[in-house]
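Worksheet: one structure, shown below.
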Number of protein chains: 2
Amino acid sequence: MIQDFSQQRRLIQCFAFLRDGGEALRETFFAQAKVATLPADHIICRDGGQCSQLALVLAGTARVYKLGENGREITLYRVEAGQSCVVTASCILSRRPFPAFAICETEVEAAVVSQADVQRWLTSSSYWRDFIFAQVAERIGEVFSVLDAVLFQPLDRRLAALLLHRARRSPQDAATSRILQVTHQELAVELGSSREVVTRLLRDFEKTGALLTGRGQIELLDPSILEAR
Amino acid sequence: MIQDFSQQRRLIQCFAFLRDGGEALRETFFAQAKVATLPADHIICRDGGQCSQLALVLAGTARVYKLGENGREITLYRVEAGQSCVVTASCILSRRPFPAFAICETEVEAAVVSQADVQRWLTSSSYWRDFIFAQVAERIGEVFSVLDAVLFQPLDRRLAALLLHRARRSPQDAATSRILQVTHQELAVELGSSREVVTRLLRDFEKTGALLTGRGQIELLDPSILEAR
DNA sequence: TTATCGCTTGTGACAATGTCACAGAGCGCA
DNA sequence: TGCGCTCTGTGACATTGTCACAAGCGATAA
């Protein structure tokens with residue numbers, strides 16, 4: 001049960017289906033859902049584990065990734081405010097194990113909904129249904145892109161794209177947005193590669209003058225070189 | 001409209017939701033669906049294309065794959081009798097482009113359902129809903145496995161597993177089931193690798209006495225060697 | 001029969017990426 | 001200052017992908 005008006009307001013802001021789905025949906029949603037806060041690094045679900053509840057993220061981000069036998073891993077996608085991990089939903093609804101790991105990257109605040117409610121609202125609300133299927137399609141699309149990148153894109157291009165993407169979404173002012181706080185290991189994990197390979201590629205980029213590397217940070221000097229990849 | 005009783009019977013045999021979902025679902029399904037036959041090699045959907053209808057396969061198999069810039073490709077999964085490509089469904093319901101290619105591997109006979117009906121039955125039938133979500137979860141699981149294999153499994157092991165899998169499902173008698181009719185190129189496409197690499201690995205397997213290769217066929221001599229991979 | 005054509009297979013050289021082992025550099029902290 | 005931890009750098013080697021090209025095999029036409 002969610003009684004706090006400010007929480008209700010935030011949920012409505014984050015999730016359009018609550019805004020547009022009508023009074024009935026909102027009422028049953030607030031009656032049935034709970035808000036939970038998970039600390040950073042909390043493991044939400046293990047590969048092969050069962051999930052019993054669907055989380056709708058209000059704040060923070062969770063990362064969904066695959067872990068290989070050798071310890072290498074790759075990030076599949078992130079679940080951010082206003083989103084939900086619907087792979088969870090489909091696992092809930094078909095009682096299958098979750099096929100990856102999910103972990104809190106930051107502290108995560110989320111509304112938690114039971115399997116029964118997820119199912120019930122599918123019949124009663126077209127807005128909820130649209131939300132769920134939009135999320136399903138989005139995640140499938142993201143995973144397909146990852147697969148495409150892994151198989152068919154050269155790693156230097158993928159690394160360049162990742163650096164540019166990070167620079168774009170860094171929240172600081174223009175002056176510091178060119179300095180990324182990130183380790184080689186973190187980049188390798190995003191790409192599903194290994195740290196040494198990332199180190200080598202960064203050295204090559206550095207030779208061309210595209211960037212400067214330091215311990216735990218990368219300064220982009222000439223993004224156009226990276227864009228050319 | 002599907003009036004032919006034998007077609008109705010076959011559909012009910014193939015799809016449990018029609019058997020268990022009640023008279024009302026059956027009636028509306030047979031009233032709204034059509035049966036279509038597509039020739040082998042027919043392209044069902046291109047990468048980035050829109051899909052407007054959901055196909056429920058009655059006979060034959062369709063293959064869903066990703067195609068890279070360089071011409072390499074990888075099979076993601078197959079849609080066989082009793083199944084449906086629900087990635088299509090989620091694309092339909094969220095009006096997103098389909099993120100891969102789908103092609104008829106054999107002649108395919110399928111019941112075709114409009115976007116509106118897919119949506120309508122989600123509200124009206126829990127059996128239809130369960131069917132759709134079971135398919136979604138299954139496909140997601142398959143794609144996740146492919147990604148896992150590509151990133152974390154050595155290719156010789158994947159090739160060995162593929163050969164054993166083919167041998168198991170080959171429909172002939174025990175004597176000939178050890179002879180696979182398949183080209184190196186076809187194996188490469190399954191694995192998302194290249195023909196030369198498959199050729200090399202097969203040569204290595206041949207050296208160990210695990211199999212014999214001939215033009216367009218592979219004879220398994222000692223499956224236990226492959227299982228050890 | 002022979003010529004020819006298309007598909008399939010074989011192979012060597014090289015490029016890209018992953019793995020392993022290990023060394024050193026930077027940084028916080030006792 | 002010295003210790004311990006994380007992060008980075010590097011060489012050697014294994015695996016996989018790419019490219020170029022040759023050869024084999026089987027069907028069909030001449």
Side-chain angles (χ1 to χ4, degrees), chain A residues 41 66-75 146-163 166 179-208 211-219 229, chain B residues 40-41 66-75 146-163 179-208 211-219 229:
Chain A
D41 297 327
K66 263 287 186 191
L67 188 59
E69 304 170 353
N70 38 19
R72 244 165 78 210
E73 58 183 274
I74 184 168
T75 301
V146 169
L147 191 57
D148 187 285
V150 165
L151 272 168
F152 304 129
Q153 306 279 333
L155 197 58
D156 57 350
R157 196 187 304 177
R158 294 173 58 209
L159 177 57
L162 176 59
L163 292 173
R166 289 269 184 141
I179 298 184
L180 307 177
Q181 301 295 327
V182 65
T183 68
H184 300 184
Q185 178 64 46
E186 284 165 357
L187 295 170
V189 158
E190 288 302 301
L191 299 170
S193 178
S194 66
R195 199 261 316 158
E196 298 91 320
V197 176
V198 169
T199 299
R200 283 202 288 255
L201 290 175
L202 287 174
R203 168 171 39 81
D204 295 345
F205 284 151
E206 197 163 17
K207 275 182 190 162
T208 69
L211 48 77
L212 268 179
T213 66
R215 184 186 172 86
Q217 66 175 36
I218 295 173
E219 181 177 2
R229 287 304 172 130
Chain B
D41 297 328
K66 262 288 187 191
L67 188 58
E69 304 169 351
N70 39 18
R72 242 164 79 212
E73 58 182 274
I74 185 168
T75 300
V146 169
L147 191 57
D148 186 284
V150 165
L151 272 169
F152 304 127
Q153 307 280 330
L155 197 56
D156 57 350
R157 195 188 304 177
R158 293 173 59 208
L159 177 58
L162 177 58
L163 292 174
I179 298 184
L180 307 177
Q181 302 295 327
V182 65
T183 66
H184 301 183
Q185 179 63 48
E186 285 165 355
L187 294 170
V189 159
E190 288 303 302
L191 301 169
S193 177
S194 66
R195 199 259 318 159
E196 298 92 319
V197 175
V198 170
T199 299
R200 282 201 288 254
L201 291 175
L202 287 174
R203 171 174 33 85
D204 295 345
F205 283 150
E206 199 163 13
K207 275 182 190 162
T208 69
L211 47 77
L212 268 179
T213 66
R215 183 186 174 85
Q217 66 175 37
I218 294 173
E219 181 177 2
R229 287 304 171 133

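All values below come from the heavy atoms of this structure, side chains included, with hydrogens, waters and symmetry mates left out. Per chain, numbering begins at 1; letters A, B, ... match sequence-line order. Worth saying up front: this structure is predicted, and the values here are computed from it rather than measured.
Checking the phosphate oxygens (OP1, OP2) of D/dT10, a side-chain nitrogen or oxygen of A/Arg203 falls inside 4.0 Å. Side-chain N/O atoms of A/Asn70 include none lying less than 4.0 angstrom from OP1 or OP2 on C/dG18. Close to C/dT11, at under 4.0 Å from its OP1 or OP2, lies no side-chain N or O of B/Thr199. OP1 or OP2 of D/dT8 has at least one side-chain nitrogen or oxygen of A/His184 nearer than 4.0 Å. Contact between the side-chain N/O atoms of A/Arg72 and the OP1/OP2 oxygens of C/dT19 is found at a separation under 4.0 Å. In this model, the phosphate group of C/dC7 is not approached by any side-chain N or O of B/Thr183 to a distance below 4.0 Å at OP1 or OP2.
Between the side chain of B/Arg195 and the backbone N or O of B/Ala188 there is no donor-acceptor pair closer than 3.5 Å. Under a 3.5 Å cut-off, the side chain of A/Gln217 and the backbone N or O of A/Gly214 do not form any donor-acceptor pair. The closest donor-acceptor contact from the side chain of B/Glu190 to the backbone of B/Leu187 lies at 3.5 Å or more, if one exists at all.
No N or O donor and acceptor, one from the side chain of B/Arg195 and one from the base of D/dG17, sit under 3.5 Å apart. For a distance-only test at 3.5 Å, the side chain of A/Arg215 qualifies as a donor-acceptor partner of the base of D/dT6.
Of the residues near DNA chain C, A/Val197 and B/Leu202, the one whose nearest nucleotide (by heavy atom distance) lies more toward the 5' end is B/Leu202.
Nucleic acid contact for B/Gly214: sugar-phosphate only, since backbone atoms but no base atoms lie under 4.0 Å from a heavy atom of the residue.
Residue B/Arg158 contributes atom CZ, which lies 16 Å from atom P of D/dT15 at whole-angstrom precision. Atom CD of B/Gln185 and atom C1' of C/dT9 are 11 Å apart (whole Å). Following rounding to the nearest Å, A/Leu191 (CG) and C/dG18 (C1') show an atom-to-atom distance of 14 Å. The distance from atom CD of A/Gln217 to atom P of C/dG26 is 13 Å, rounded to the nearest whole Å. Nucleotide C/dT9 holds its P atom 16 Å from the CZ atom of B/Phe205, rounded to whole Å. As a whole-Å value, the separation of B/Leu187 CG from C/dT8 C1' is 13 Å. One can place CD1 of A/Ile74 at 14 Å from P of C/dT17, the figure rounded to the nearest angstrom.
Between B/Val198 and the choices B/Gln185, B/Glu186, B/His184, the side chain to side chain contact (heavy atoms under 4.5 Å, CB included) rule is met once, by B/His184. The side chain to side chain contact (heavy atoms under 4.5 Å, CB included) test with A/Leu202 is passed by exactly one of A/Leu212, A/Val197, A/Leu211, A/Asp156: A/Leu211.
Of the candidates D/dT16, C/dC20, C/dT17, D/dT16 carries the atom nearest the B/Pro154 side chain, counting heavy atoms from C-beta on.
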